[in-house]
Structures are given as C-alpha cells and as structure tokens.
2 protein chains.
Amino acid sequence: MNKKPNLKDVAKVAGVSAITVSRVLSNPDKVSEKLRVKVEQAVHEIGYIRNHAASALASRRSGVIAVIIPSLSNIVFNDVLQGIYSAVKPHHLQVILGDCHYSPLEEEKLIATLLSQSPEGFILTGTDQTHYARKLLQQSGIPIVQLMELSDCPIDMNIGFSHFNAGVDITNHLLQKGYRKLGFLGARMDPRTQQRLAGFKKAIADFKQPCQSYVVTTTQSSSIRLGGQLLQAVMAESQGQCDAVFCCNDDLALGALFETKRMNLKVPADIAICGFNDLEASALVEPSITSVASPRFEMGQQAVELLMTASGEDKTHKPPIDVGYRIVERAST
Amino acid sequence: MNKKPNLKDVAKVAGVSAITVSRVLSNPDKVSEKLRVKVEQAVHEIGYIRNHAASALASRRSGVIAVIIPSLSNIVFNDVLQGIYSAVKPHHLQVILGDCHYSPLEEEKLIATLLSQSPEGFILTGTDQTHYARKLLQQSGIPIVQLMELSDCPIDMNIGFSHFNAGVDITNHLLQKGYRKLGFLGARMDPRTQQRLAGFKKAIADFKQPCQSYVVTTTQSSSIRLGGQLLQAVMAESQGQCDAVFCCNDDLALGALFETKRMNLKVPADIAICGFNDLEASALVEPSITSVASPRFEMGQQAVELLMTASGEDKTHKPPIDVGYRIVERAST
DNA sequence: AGCCAAAATGATAGCGCAACCATTTTGACT
DNA sequence: AGTCAAAATGGTTGCGCTATCATTTTGGCT
C-alpha cells in the first residue's frame, strides 16, 4: 500500500495545478465545468480524501463544533444531541462530543481538550462551569451556547428554560389537585434537579393552607429501579402519609409507579405521581404519568443555529432565550 | 483580544525554545523538572492551548477515532457509545461520531468525511457497508472494527454476536414453554432485525410439532407506541389466535405489554411476550419481560482496545470475536 | 580532575493545504 | 479585429507544530 494520496497526486492525474484541485473541493463554482469533471474523476479514481488537519491549519477553519453533555446515559441529552446533529448537517460541520459525567472539573479538562480542536462554536450543558473554564472559553473568542437552563450571567449565549419555575408549577398542580402531603424524589442532584427542588419548596412555602413536604434525595445516578427505592423511602419517612410525589425525572417516576403496584397503592387515588421530561413511556404506562415537557430536540437545533449566526467577536450582551416548558397532565395526578 | 497564543509565545514567556514547550506537552518525561515547571506555569498563565490541526499535521497522529452508529435515538447504541468513550479516555483520544440513520449510502458519505480527519481507528456498526466504503476503509490502512453482529468477511476486525442464533433460541424458548401460535413483531427491519427474524423462521421450520407463525413488520422506526400497534396488527392477522410474540426489541415489547392491558389480555396466560436487548424497564415492569441480553458496554470498550492493539498494517485475517448473548427468562413467558 | 555515555535542549525543515496575489484566458462589446 | 473587464487558473508562501538530527549539559566513574 502506497502512502495516502495528496492534492498534488490528484493534480498530476488530472493534469491541473494543486490549487485547482483544492478549489474543486471547496468552491466548485469557481472552476470551469471541464476541469471540475476531470478533477472529480481523478479524485474518485485514486480515492483521494482531503487531509483535514492540513486544511484546518491553512484555512483557519476547523469545521467542527464542540459539545459537552453531562451524561451519555441520560436519554434527555440524547434528544438534544439529535437536534444538534440534525442542525449541524447542512452546515457541513463535524461534532466533537465530550461527556463530563456531571463534574465541573472534568468539564474544565474537557473544555481545554476540545478547544485544542479549534472548534468554531461550543455548546455546553448548564451554567456551572469553573472559573478557569470560563476564562478559556472567553479567551477563545468563539461563540458559545449554554444549554438547558437559564443564567443571569451567561458566558455568551444561553438557551433553556427555568427549572425553578417548572418545579413551582408542577408542585402547585399537585396542590391544586388537593394533595397536601407532598414528597420530592431526587437523584443525582445536579444543578437543574436542585432548581426543581427549590421550586418545589417555594411552592410549598407560598401555599396558603397547611401542607406537608417530604424530601428524599440521593446523589446516585437516576434509574427506574432507584425510583422504586426512593418511593419506599419517602413512604417510610412520611409514615405512609405521603399522598403525592414529584419525581425529578421520568425514570424515577416510572420506577415509583411500578413500585406502587408492588405496594398495592392505587394511583392516583392513594398516591399521585408526576415526573419530569416527558419520556415516551410516561404517556403509555397505565396509568399515564403527568410530566413536564420541554423542546429538547429544538433546543439542540437552535443552539447550532445561534452558533452559526454569531460572529464570535460580537461581545454585546445577548439575552437568554427561554424555550419554555409545558405541564402535561395525565392520569397519575 | 489578541490572537491566540502559540508555542512560540509560551516559549518566550518561559525563556526556552519552542520545541521544549512542545515536549513538555507531549513527553514531559523528556524534560527536566526545572524547565517543565517553568513551562507549565507559562502555559497556564497565558491560557495556551495547543493547536490540534498543526499538531496532527506535523506528527501524523490525529488522536481521534471515528465511530458511526445507525441511530442516536436507539438507546442500544448509547450503551455501546458509553463503552467506547470510557475506553477511549485513558488513551487520550477524541471520538468523532457520525449517525448514518441506518442508511448504507449515508454511511458511505460519512465514512469519507470522517476519514478526512485521519482517524487512527474506525468503529462501524454492522457489516453492510457499500463497496466503495469498503474500498476507502481498506485503502486508509487504519484498523477497523465492525460491531454488533458477526460477519464471514469482515473488513478488518469484528466483534459481536449472532442475531440469527439469538432469534432461534428465543423462539425455541417460546416453543418449549408450550406456545404454538407465535408472532414476530419487527420494526425498522435493519440487517440485525432481519437476522433475528430469520432465526425465528428457522426455529419454527425446524420444530417437530405443528405450529403457526405470524410475521408483522414495518420499516417505521421502533418505539413503544409502535409496539402496541403491532400487537393489534398481529392479533388481527391471527384472528386472536396468537399466543406469544417475539418483539425485535424491548421498546416494542414494552408497547405490546402496555397494549395487552388495554386489550384485557393476561400475560403470560393469554399471551407471552419477549423482547430483545434487555433494557432496564423490561426487568421492572409488571409482569417483567423475557429478553435477550448482550454485553453492549463491553463491546464498545473491547472495540477500542482492539483498535489500540492493532497495528493497522497487519493484514492477517483476524477471527471474529463472539461476545455471545444470554436469554433472560422472566414472568412474561 | 578527566573522561564519556546518557540526558537535556535546541535549530531546522517540512507535514498538506488554502490565502494571497499574479497571470492567463474568456467573451461581451464597440 | 480590437478592447477591456471578468472569469479562470496557477505560483508562492506560511499556517503551528513535531520529527530529525545536532549540540550542549549532566553526572557517574576511574
């Protein structure tokens, strides 16, 4: 096997100059039909593939955007990723993806690594980056989008919704339905989960009638199984009094629902359940589960569009974009 | 904002030569403690980040591996991805991920694009690449792993398990349990699903006693909801005779299970259900669902390790690695 | 102290491509 | 045919880094 063909090899085969081959690949319009065809044939014949590193170095355009998500296993970020990938395609960009496992320190390292790829834009999840990470990002001069939640002082651009407000609203929903002994089931306890919990507490505190709350949280990562365990825990803590639970996500809610069957509790008569994120299963289980929906796919798409329209040097303050959320009321409440 | 600092800027600040800075970043062992510390301080002080394109160009090592999966929304590939990311970390590699949407043609384009990044290895899902794609891959000279299923003529390395055998086994499981009117519910109908179906048909054909089969498939992508619809369809086609269904994945199986409740069918008394992939929910729903488990995370990990130990120029035939599968028998059968 | 191999450091060149500017060709118009 | 602007093509250079080789420094030994 000879070494990989380069521009000059193609040029030789096609009988043109190297720069013409380069133009055929990046600006076909600038080349006459005749040469273009000749070059394209040569490219296909010898299986030439452009060296991205050299191209990026010479053009100062890497053609990649960097994305960091807190977890690959959480299906929520999958939806966002799909939006990102779908939006990226027409721009002919590649995505470099990092998983920071919910750790700002790991995220900081990842940011440094990914910045070395000279991305043309950066998409981050959440707003709790370390100080040094923010410095690196700002210094890079590229457009940046912080995703999922809203921030008072975004690094650059920001798109998401208020998890606090959503927490308040869903709790009020339970209160309006007449439930008075509310449990909060929380796993992982990342910033967004904490905001939902804060909303839960605020709604309870502001409620005009007497009511009770039980908060059960763990830093373990979320799973369906854990939802069942947390339901057990909250029933124990409330001595069986708890009549409604707000689960910080739909996995926990599903697990809690399955657990109610084993505990012989009727939903929503004995206990109401609501989740967060509105996964497909929540609508299809029996009884279906009330949840909070948000446009995750669209958030991902919009993040890419924001990056593409931003100049990067534009240091004006851009107001956060609130994509909102929607409480989907179902049989479980 | 000044332009981004480069090696020389760091060298100036640290009072050393550029090449020494380079060495601190890539071979710290080759540099004396004294200089190393000085350089590291300088790097941190001015927030220097190495230009990956230049580094890759000069060193002929890109530090990336390419991965193509058929779908971002299928949680199955998520598990594989997690394995890949976890294994890649200690090697200080980046992953460039592509989603080919189950299309070999899209995959071919993606392969060309990803090869331009000069990846040091390539992980593909399945074994149905186009002819030109295979040519490009072979010509690239890098190690290649085809994942998930086993092939008679892999491009290079291959790791997976036999979906045909799994289909045979799970069907025999149903037959042994006494079910005789078996339905197959299939969505997407990608190659692996087709192999499972072929296994289903083989088991039926080889069975010594009279039995009936009903095959309901669609090329729509899989979902829980679709599982319910397909169950309806198979019951219609079999005029209510069908007493067991093999769903080509657990999403369909969950949907079918939820649908049985609406149809007032008892599982497994009226109808047995089994799925494929052994998702978490399958073990926790009521009744729990029999499924086929495979080591997806480990497959991803092992694929990376294979890439790392392969020289790439080694053209000897490597035997496929069969990771096997396991039928997890549960209450639904 | 003197010697020498090993370790540390530095100078130079070139990786493959596209930006920039120079040159040639085209073709619309008088 | 002659003119000239626009389009097409090409030559040169440098992007920022590391491989390679050259040189200097170190330190263990006699």
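Below, chain A is the first sequence line, B the second, and so on; all start at residue 1.
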query = Do B:His163 and B:Glu149 get their side chains close enough for a donor-acceptor pair, meaning under 3.5 Å?
reply = no
Which residue lies more 5' along DNA chain C, comparing A:Ala53 with A:Arg61 via nearest heavy atoms = A:Ala53
Distance below 4.0 Å between A:Ser55 side-chain N/O and C:dG16 OP1 or OP2 = no
request  = Provide, to the nearest angstrom, the distance between the CG atom belonging to B:Asp29 and the C1' atom belonging to C:dA6.
outcome  = 16 Å
message = Check this one for me: any side-chain N or O of A:Ser32 less than 4.0 Å away from OP1 or OP2 of D:dA8?
response = no
ask   = Could you state the CG-C1' distance from B:Leu35 to D:dT25, rounded to the nearest angstrom?
value = 12 Å
Within-4.5 Å side-chain heavy-atom neighbours: B:Phe122 and B:Val67 = no
query = Rounded to the nearest Å, what distance is computed from the NZ atom of residue B:Lys8 to the C1' atom of nucleotide C:dT12?
reply = 12 Å
request  = If the plane angle is over 60° it's perpendicular, under 30° parallel, otherwise tilted; pick one for B:Tyr132 and A:His44.
outcome  = parallel
ask   = Taking only side-chain nitrogens and oxygens of B:Arg50, does any of them come within less than 4.0 Å of OP1 or OP2 of D:dT18?
value = yes
query = Is there a side-chain polar atom (N or O) of B:Ser59 under 4.0 Å from OP1 or OP2 of D:dT18?
reply = no
message = At less than 3.5 Å, do the side-chain atoms of B:Arg23 and the base atoms of C:dG10 form a donor-acceptor pair?
response = yes
inquiry  = How many whole angstroms separate atom CZ of B:Arg60 from atom C1' of D:dT18?
reply    = 9 Å
query = Is any NZ, NE, NH1 or NH2 atom of the basic residue among A:Glu106 and B:Lys89 found under 4.0 Å from an Asp or Glu carboxylate oxygen of the other?
reply = yes
task = Would you kindly say whether A:Gln129 and A:Gln146 are connected by a side-chain donor-acceptor distance under 3.5 Å?
result = yes
ask   = For the pair made of CD in A:Gln117 and P in D:dC17, what is the distance, rounded to whole Å?
value = 14 Å
request  = Let me know the distance between CD of A:Glu33 and C1' of D:dA7, rounded to the nearest Å.
outcome  = 15 Å
d(CG, B:Asn27; P, D:dC17) in whole Å = 16 Å
request  = Report yes if a side-chain nitrogen or oxygen of A:Tyr48 is closer than 4.0 Å to either non-bridging phosphate oxygen (OP1 or OP2) of C:dG16; otherwise report no.
outcome  = no
query = What is the distance from CD1 of B:Ile19 to P of D:dC17, rounded to the nearest Å?
reply = 11 Å
inquiry  = Heavy-atom nearest nucleotide on DNA chain C for B:Ala54 versus B:Lys30: which residue maps closer to 5'?
reply    = B:Lys30
Closest to side chain of A:Ala58, choosing from C:dT9, D:dG10, C:dC17 = C:dC17
request  = Side chain of A:Leu7 only, please: which of D:dT18, C:dA18, C:dC15 is the nearest?
outcome  = C:dA18
request  = Please state whether the phosphate of D:dG10, meaning OP1 or OP2, lies under 4.0 angstrom from any side-chain nitrogen or oxygen of A:Thr20.
outcome  = yes
